[in-house]
Amino acid sequence: MTRPDAIEWCDGSKAEYDRLMKQMADSGLAIPLNPEKRPGCYLFRSDASDVARVENRTYIAARSQEEAGPTNNWIDPDGLKETMKELYEGCMKGRTMYVIPFCMGPVGSDIARIGIEITDSPYVVANMHIMTRVGSKVLKALGEDGEFIPALHSIGKPLAEGEHDHGKWPCAPLDKKYISHFPEERTIWSFGSGYGGNALLGKKCLSLRIASVIARDEGWMAEHMLILSVINPAGRKKYIVAAFPSACGKTNLAMIIPTIPGWKVETIGDDIAWMKLGRDGRLYAINPETGFFGVAPGTSLESNPNAMKSLESDSIFTNTALTADGDVWWEGIGYEAPGKLIDWNGNEWEAGKAEKPASHPNARFTVAAAKCPAVAAEWEDPAGVPISAILFGGRRPDTIPLIHQARNWNHGVFMGSIVGSRITTAALDLKAGTVRRDPFAMLPFCGYNMGDYFRHWVDLGTRTQAGKLPEIFYVNWFRKTADDNWLWPGYRENSRVLKWVFERCDGEGKAEETPIGFVPALDAIDRPADVSAADMAELLAVDREGWLNEIESIRSEHYPKFGDRLPEVLIDELDGLEDRLKKM
Ligand code: SAT
Ligand code: MN
């Protein structure tokens, strides 16, 4: 159908990676960075139309619209296939088709899944090498009749006889981009984009949208969560997963260096967790990926030293700025731009003179997890790590305290279902100041009806003994004072909150029972130097009026979206919360 000039099977070797990188550097698509500054690193600049995931071009093409549910773009699968087949017809002419056998999760783990991505983008192959396990070892595990998830990808820019890209990022125009999922067939078809989650099909497409459907059918969880371990001064270790909407610092938390003496955090993953009940009744998590595809702007030695150290070599940068001496630079890297730069569009850029940022706000780095100084020794354990706590969170300047703990499992599921961030600039259909709900941080990533997904979470709570389930918490690093200053310093100081979570999972840690759940006692969390006792009281207070407004917004705007698919127990949780608050 796609009629490539040549077909290459990817073996996942370093030689293959180096050969493709050299080929892309020779053609002008990749810019090798200065080997004295960033050995083994390359910079790519994408087309201006191809800089992020395209949610309005992302489809869940289930058999029925009801199956896709109220939060997904649904499209009839038969019609979509016809449209896309026309686009795919001859779309790889003049290019090489790469066949990438890849595995999400450690090869041989009983929770791992194999996919085969077919792509005409050598950039995708290189990124898949870092983000997944690619090649011969996967084919061997697949054997003659193993199961795999087919994932077809094309950048959608065939070349005519004698035509060349001339170093320009090839892709199709926005109205021809399709990121399509066929959940019943467990198949992915992507066309027209070469960027991130649109093109690296092992990530959001397979490990979240398709995997969430498989997980529902098989009784496990595919979640948009980081995984970390907290180690106390006595050397005891507990594992925590956390789901936050985008722009809440998931990667920073995953790699945090605690400010509290004697405490340590190690990284297992920064984006996706697959979780399954173990034979002992506890919930075990693996990170299906092998790398980090993180947002570069804002990443600095201050905000995330472990990421910065990981990026010293052997990394791919996309849409960052280039310095005169062949290094990368981005807004928030922690130092001034060293002289004139080349911006992400390839134009000259000078600090103070340019109107736009030098790097795109969604500029990315791709780097192997193994390069992170904080990576846990057990990060690839095929059995996964036992989870003690689940954190939900969002960007909420008011109402939601710094942290509170769920009363029980269903209350925790309720917390997950109301996750959201307050938006500061009006966007799409929302006014500035409203809360954009992003339940479980899965809004763009749940491959089926989200009401059924809530029920899947409720069901998990009935499948093991209560004492074995993780404790559930809601965190909010983003509280502000009435005059718009941060109440909490965030970043590394968030480790103080992780310490309280650790203690609560041990049945320790001082807490008060309130209408919204358990809240730390005023002296339970050691205060950072710039947080006063009064600040702490404000951070931990139960804002009765704020919560009653919150309940009203959930009851009238959020929950009705899910119709009769909304589990009854979540309404019970909402009613119970309201009753307790009214008695306060
Ligand atoms: O582009 S990705 O989907 O990998 C990252 C993101 O947008 O969350
Ligand atoms: Mn993500």
Side-chain angles (χ1 to χ4, degrees), residues 44 46-47 49-59 102 104 115 117 119 121 123-124 126-132 151 153 155 169 171 177-181 188 190 192-212 222-228 241-255 267-274 287-299 304 307 315-320 360-367 369 391-395 419 421 436 438-447:
F44 290 80
S46 80
D47 187 83
S49 76
D50 205 23
V51 293
R53 279 185 297 104
V54 281
E55 285 180 16
N56 60 345
R57 307 291 307 170
T58 299
Y59 298 96
F102 66 96
M104 302 313 296
E117 177 162 353
T119 180
S121 163
Y123 169 85
V124 165
N127 277 273
M128 288 291 283
H129 266 236
I130 297 175
M131 297 303 295
T132 76
H153 172 251
I155 50 176
W169 174 277
C171 64
K177 295 191 211 287
Y178 285 89
I179 321 300
S180 306
H181 308 74
I188 302 156
S190 167
S193 166
Y195 204 90
N198 300 332
L200 313 177
L201 302 185
K203 199 175 181 54
K204 309 296 190 181
C205 298
L206 192 156
S207 294
L208 290 175
R209 298 195 192 96
I210 295 294
S212 63
E223 299 300 326
H224 188 205
M225 290 175 167
L226 66 87
I227 313 169
L228 57 76
V241 291
F244 309 146
S246 56
C248 289
K250 238 161 77 239
T251 302
N252 292 346
L253 184 66
M255 300 179 190
T267 313
I268 314 272
D270 80 328
D271 197 37
I272 300 175
W274 284 356
N287 170 12
E289 302 189 284
T290 54
F292 308 121
F293 183 67
V295 176
T299 307
N304 194 337
S315 306
I316 297 174
F317 298 91
T318 310
N319 288 345
T320 64
H360 187 278
N362 192 40
R364 296 275 171 161
F365 55 76
T366 321
V367 66
L391 313 186
F392 296 115
R395 210 173 249 276
V419 162
S421 283
R436 169 176 287 140
D438 183 355
F440 295 82
M442 281 288 277
L443 193 61
F445 305 122
C446 182

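Because the structure is a prediction, the values reported are computed rather than measured. Remember, it's 1-based here, ligands and their atoms both numbered in the order they're listed.
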Numbered atoms of ligand 1 (with element) below 4.0 Å of [X], judged on heavy atoms:
X	value
F293	1 (O), 4 (O)
K204	2 (S), 3 (O), 5 (C), 6 (C), 8 (O)
R364	5 (C), 6 (C), 7 (O)
K203	4 (O)
G196	1 (O)

### Message
D50 vs N198, test: side-chain contact (heavy atoms from CB on, under 4.5 Å). Steps then yes/no.
### Response
CA-CA 9 Å; D50 205 23; N198 300 332; 4.3 Å; yes
Non-hydrogen side-chain atoms of [X] and [Y] separated by less than 4.5 Å:
X	Y	answer
D438	P444	yes
L201	S190	yes
E55	L443	no

### Message
Any donor-acceptor pair under 3.5 Å linking the side-chain atoms of T299 with those of N304?
### Response
no
### Message
With respect to the Mn ion (ligand 2), please indicate if K204 possesses an N, O or S atom at a distance under 2.8 Å.
### Response
yes
### Query
Is the W169 ring parallel, tilted or perpendicular to the Y195 ring (thresholds 30°, 60°)?
tilted
#### Entry: Protein heavy atom at shortest distance from atom 1 (O) of ligand 1
G197 N, 2.9 Å
### Message
Students should be able to answer this: which protein heavy-atom is nearest to atom 3 (O) of ligand 1, and at what distance?
### Response
R53 CD, 2.7 Å
#### Entry: D271 OD1 and H224 NE2 subtending at the Mn ion (ligand 2) (10° steps)
90°
### Task
Quick one: do L226 and T251 satisfy side-chain contact (heavy atoms from CB on, under 4.5 Å)? Show the steps, please.
CA-CA 8 Å; L226 66 87; T251 302; over 6 Å; no
